Amino acid sequence: MRQSFDFPADTSVLAKIGELATETGRAAGFNDNEINDINLAVSEVCTNTITHGLKNDPTRTFQLVIQWNTGEIEIFIHEAGEPFDPPDLKDPDLEASLEDRPVRGLGLYLLRNLMDEADYRVGRDGVKTWRMLKRKAEA
Ligand SMILES: Nc1ncnc2c1ncn2[C@@H]1O[C@H](COP(=O)(O)OP(=O)(O)OP(=O)(O)O)[C@@H](O)[C@H]1O
Ligand SMILES: [Mg+2]
């Protein structure tokens, strides 16, 4: 199954995106804990998309695509905003003392831990795509 949505770059859409992720996660058979993980991951990427990628400009939009089957959900966020090169991002140094840790940058680290797969690519047309996938753990 596949659903696609276009949203304006306004953080007020995050509530609706949370509802969509919850409904879809439930339809795919995920439990509440797994749905919370999915919601957190989607909300983190969409927040970055809205604030960093599209600079909170509600005249610009991004696309959310959700594909799912029983026990599996895959989410794509497509956006053509500010250029962004994630290989420049290092994993946060969790061993560093608190003063030495960057205040920012934990979001992407979190993403990799919430989902089974998370990757990012930039198309030749400049469209940036985040893809994330979660599989239900075998009972
Ligand atoms: N879609 C995007 N477009 C452009 N830049 C981005 C995008 N997503 C992330 N970034 C850049 O990567 C940095 C790290 O993102 P990350 O989510 O880890 O931290 P953050 O958003 O700054 O802080 P927070 O911990 O509150 O999420 C951002 O500060 C931003 O510069
Ligand atoms: Mg962020």
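Start at 1 and go down the list; that is how both ligands and their atoms are numbered. Just so we're clear, the structure is a prediction, and the values are computed from it rather than from any experiment.
Among F62, W130, F84, the residue whose heavy atom lies closest to atom 9 (C) of ligand 1 is F84. Considering E82, E44, E79 only, the shortest heavy-atom separation from atom 1 (N) of ligand 1 involves E79.
By the side-chain hydrogen bond (donor to acceptor under 3.5 Å, both in side chains) test, D116 pairs with no residue at all, sequence neighbours left out. S12 is linked by a side-chain hydrogen bond (donor to acceptor under 3.5 Å, both in side chains) to D10, counting only residues two or more places apart in sequence or in another chain.
For the Mg ion (ligand 2), the neighbouring protein N/O/S atoms at less than 2.8 Å, given as residue and atom, are E44 OE2, N48 OD1.
Side-chain contacts under 4.5 Å among hydrophobic residues (ILVMFWY), followed directly or transitively, place V65 together with F76.
Per-residue contacts place K128 under 4.0 angstrom from the following atoms of ligand 1 (heavy atoms of the residue considered): 1 (N), 2 (C), 3 (N), 4 (C).
Using a 4.5 Å heavy-atom cutoff, the side chains of T129 and I77 are not in contact. Inter-residue side-chain proximity for L111 and W130 is flagged as met; some heavy-atom pair is nearer than 4.5 Å.
At a cut-off of 3.5 Å, with distance as the only test, no side-chain donor of N56 or T11 sits close to an acceptor on the other residue.
Between E117 and R135 there is a salt bridge, since at least one side-chain N of the basic residue sits less than 4.0 Å from a carboxylate O of the acidic one.
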